[in-house]
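Remarks on the structure that follows.
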Amino acid sequence: MASKGKVISCRAAVAYGPGQPLVVEQVQVDPPQKMEVRIKILFTSICHTDLSAWKGESEAQRAYPRILGHEASGVVESVGEGVIDMKEGDQVVAIFNGECGERIYCKSSKKTNLCGKFRVNPFKSVMESDGKCRFRNKDGIPIYHFLNTSTFTEYTVVDSACLVKIDSHASLDKMTLLSCGVSTGLGAAWNTADVQTGETVAVFGLGAVGLAVVEGARTRGASKIIGVDINPEKRIKGEAIGITDFINPKEIDVPVHEKIREMSEGGVDYSFECAGNMQVLREAFLSTHDFGIHPTPKLLSLHPMELFDGRRIVASVFGDFKGKSQLPFLAEQCMAGVVKLDEFITHRLPFEKINEAFQLLLDGKSLRCLLHLS
C-alpha cells in the first residue's frame with residue numbers, strides 16, 4: 001500500500017475528559033513498530049466498558065486525550081518488523097485480551113487465557129514496545145491508547161498479539177462482535193461453566209454479554225434458561241435468542257433467588273452475573289448449586305456455610321478464550337450458523353454519529369450499535 005511506512009491522517013473520536021462528548025477530528029497515526037500492526041477499521045461497536053471509561057468512573061484509569069473502543073474488525077494496512085502470522089489485506093478482529101503465544105501463561109493450554117504481557121489492562125495507555133503513543137492530534141499532542149486496541153478511529157496500531165486473523169469470507173460486520181461481548185458471554189457458557197445438555201442456567205442481566213451467555217447455553221442444549229432483568233423489554237430479545245423463562249425482580253414479591261429455586265427444583269446448575277452489581281451477584285450465587293460469574297471490584301459478603309452446598313464462584317475473562325488460537329474456530333461456528341449473531345446488532349450508524357450510539361447504550365435501547373467507517 002502507498003501509505004506503508006508513512007504517517008496516516010484520518011478521523012478518530014477522541015475523549016478529552018470524563019463524560020464529555022467525543023470529538024470526531026483528524027488525527028495522525030504512526031506506522032507500526034516491531035511486532036505491531038496498523039489496521040484500517042471498517043466496523044466498530046460500543047461496549048459498556050467503553051461507556052464506563054468514557055464516564056471516567058474509575059479515577060485511577062483516567063487518561064486524556066484518549067481513543068476508546070475495543071470491539072472492531074478491519075483489514076491489515078501494514079505490519080511491523082517480525083510479524084509473520086498476518087499480512088497486508090488480511091481480515092482481522094481486534095482483541096483486548098491478547099495472546100503472545102510465547103510465555104508460560106500462553107503455553108498453559110488449560111489453566112488460563114491471561115497472557116502475561118498482553119492481558120487486559122485498563123491502566124495501560126501506551127504501546128508495549130516503547131511506552132509511547134501512536135496517535136497525535138492536530139496540535140501534536142499524544143493521544144493515549146485504550147485496552148490494547150483503541151478502535152474509535154479509521155486507523156489504529158495494535159500489538160500483533162492483540163489481533164486475530166479470520167476467514168476472508170467472513171462477514172466483518174458480524175465478526176466485530178467477537179472482539180468482546182459475544183466471545184465473553186458465549187465462552188463463559190462453553191469454556192468456564194462447560195454447560196451440558198439438559199442442565200439449567202440463570203442469567204442475570206440481559207445485555208449483550210448476558211444474551212451471549214444465553215446463546216452459549218442454547219447451543220449446548222440447556223433445558224432451562226432463566227433470564228433476569230429489570231428492563232421488561234429485554235424479555236422479547238431474550239426469548240428471541242433462547243431464554244425459556246423471564247423474571248423481572250420489580251414484578252415479584254420474593255427474592256429472585258427464591259423464585260429461581262422454585263422454578264428449577266432447588267436451584268439452577270449454573271448462574272451467570274452479567275450486570276456488575278454486588279447485590280445481583282449475591283442473588284445469582286444463592287440461585288445455584290454451582291456457578292460461574294464475572295466479578296466486580298467490590299467485596300462480596302458470603303457465609304462460609306453457603307459454600308457447603310457445593311457452590312463455587314468462578315471468574316471468567318473473555319470467556320476463557322485464548323484469542324489468537326481459539327477465536328478462529330468461534331468465527332467458523334458463526335459462519336456455519338451454529339452461533340447466531342444477527343440478534344445482537346440492534347442499531348447501525350455512521351461513525352460520525354458515535355455520540356448518538358453512546359446515548360442509545362446509556363438509555364438501554366441498544367445491545368450493539370455497529371458503527372461503519374467506510
Side-chain angles (χ1 to χ4, degrees), residues 47-49 97 113 177-178 180-231 234-235 237-249 255-261 263-264 266-298 300 302 306-307 309-321 330 339-340 343-344 367-368:
C47 171
H48 272 281
T49 301
N97 191 52
N113 69 330
L177 304 184
L178 303 189
C180 177
V182 168
S183 297
T184 297
L186 194 87
W190 283 8
N191 304 324
T192 312
D194 192 20
V195 176
Q196 298 295 307
T197 300
E199 293 185 321
T200 57
V201 167
V203 182
F204 288 71
L206 298 179
V209 173
L211 288 173
V213 172
V214 172
E215 176 69 1
R218 181 195 67 78
T219 60
R220 281 294 184 89
S223 61
K224 182 181 288 291
I225 304 174
I226 304 171
V228 182
D229 204 292
I230 60 174
N231 184 347
K234 294 294 180 69
R235 178 175 197 151
K237 181 61 70 173
E239 289 176 345
I241 290 180
I243 65 170
T244 58
D245 302 88
F246 179 79
I247 297 175
N248 183 339
V256 175
H257 72 270
E258 291 186 10
K259 183 66 175 177
I260 289 178
R261 287 181 178 181
M263 297 168 64
S264 58
V268 291
D269 295 306
Y270 299 99
S271 181
F272 300 81
E273 192 280 307
C274 305
N277 180 290
M278 292 285 35
Q279 186 55 46
V280 172
L281 194 156
R282 178 157 178 77
E283 286 295 316
F285 177 77
L286 294 175
S287 299
T288 70
H289 301 298
D290 308 285
F291 96 122
I293 62 166
H294 186 285
T296 58
K298 298 179 182 178
L300 173 65
L302 292 176
E306 291 174 339
L307 297 170
D309 291 329
R311 298 187 181 96
R312 300 178 185 180
I313 300 177
V314 182
S316 180
V317 178
F318 196 49
D320 280 336
F321 277 115
L330 177 55
V339 176
K340 300 175 182 178
E343 291 288 345
F344 291 90
L367 290 178
R368 281 298 185 264

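Keep in mind the model is a prediction, meaning the values are calculated, not measured.
Evaluation of the salt bridge (Lys or Arg N to Asp or Glu O under 4.0 Å) test over residues 202-211, restricted to residues two or more places apart or in two chains, returns none.
The minimum heavy-atom distance linking Ala208 with Leu367 is given by the pair N-CD2, 3.8 Å. Closest of all the heavy-atom pairs between Arg220 and Ala189 is NH1-O, 4.5 Å. Nearest approach of Ser264 to Val268, heavy atoms of both residues: OG-N, 3.4 Å. The nearest pair of heavy atoms linking Ile225 to Gly242 is CD1-O, 3.6 Å. Closest approach of Gly319 to Asn191, counting heavy atoms only: O-ND2, 2.8 Å. Residues Ala212 and Phe344 approach most closely at N-CE2, 3.5 Å, considering heavy atoms.
Note that CD1 of Ile243 is 6.0 Å distant from CG of Leu206, once rounded to the nearest 0.5 Å. In this structure, CG on Leu330 lies 5.0 Å from CG on Leu178, to the nearest 0.5 angstrom. With rounding to the nearest 0.5 angstrom, the OG1 atom of Thr244 is 13.0 Å from the CZ atom of Arg218. To the nearest 0.5 Å, atoms OG (Ser316) and CD (Glu273) are separated by 12.0 Å.
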If you apply the rule salt bridge (Lys or Arg N to Asp or Glu O under 4.0 Å), what do you find for Glu343 with Lys237, and how did you get there?
CA-CA 8 Å; Glu343 291 288 345; Lys237 181 61 70 173; 3.1 Å; yes

Please evaluate residues Ile260 and Val228 with respect to the criterion side-chain contact (heavy atoms from CB on, under 4.5 Å), reporting the C-alpha separation (whole Å), side-chain torsions for both, the decisive distance (0.1 Å), and the verdict.
CA-CA 10 Å; Ile260 289 178; Val228 182; 4.1 Å; yes

Test log, rule side-chain contact (heavy atoms from CB on, under 4.5 Å), inputs Met263 and Ile247
CA-CA 11 Å; Met263 297 168 64; Ile247 297 175; 3.6 Å; yes

After noting the C-alpha distance and the side-chain angles of Phe272 and Thr192, does the key distance pass the side-chain contact (heavy atoms from CB on, under 4.5 Å) rule?
CA-CA 11 Å; Phe272 300 81; Thr192 312; 5.8 Å; no

For side-chain contact (heavy atoms from CB on, under 4.5 Å), just list the numbers for Thr200 and Asp269, CA-CA rounded to whole Å, side-chain angles, deciding distance to a tenth of an Å, and then say yes or no.
CA-CA 5 Å; Thr200 57; Asp269 295 306; 3.2 Å; yes

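Residues forming a side chain to side chain contact (heavy atoms under 4.5 Å, CB included) with Val209 (at least two apart in sequence, or on another chain): Thr184, Cys274. Qualifying salt bridge (Lys or Arg N to Asp or Glu O under 4.0 Å) partners for Glu239, counting only residues two or more places apart in sequence or in other chains: Arg235. Residues that satisfy the side chain to side chain donor-acceptor pair (under 3.5 Å) test with Asp229, not counting sequence neighbours, are absent from this structure. Under the side chain to side chain donor-acceptor pair (under 3.5 Å) criterion, His257 pairs with Glu283, not counting sequence neighbours. When the side chain to side chain contact (heavy atoms under 4.5 Å, CB included) test is applied to Thr49, the partners found at least two apart in sequence or on another chain are Cys47, His70, Phe146, Leu147.
Under the 3.5 Å distance criterion, the side-chain polar atoms of Gln196 are left unmatched by any main-chain donor or acceptor of Gly198. In this structure a side-chain-to-backbone donor-acceptor pair under 3.5 Å is present from Glu215 to Lys340.
The shortest side-chain heavy-atom distance between Ile230 and Asn248 falls under the 4.5 Å cut-off.
Using cut-offs of 30° and 60° for the angle between ring planes, the Phe321 and Phe318 rings count as perpendicular.
The 12-atom threshold is exceeded at NZ of Lys224, counting heavy atoms of other residues, nucleotides or ligands nearer than 6.0 Å.
The residues Glu258 and Arg261 are annotated as not salt-bridged, no charged nitrogen and carboxylate oxygen being separated by less than 4.0 angstrom.
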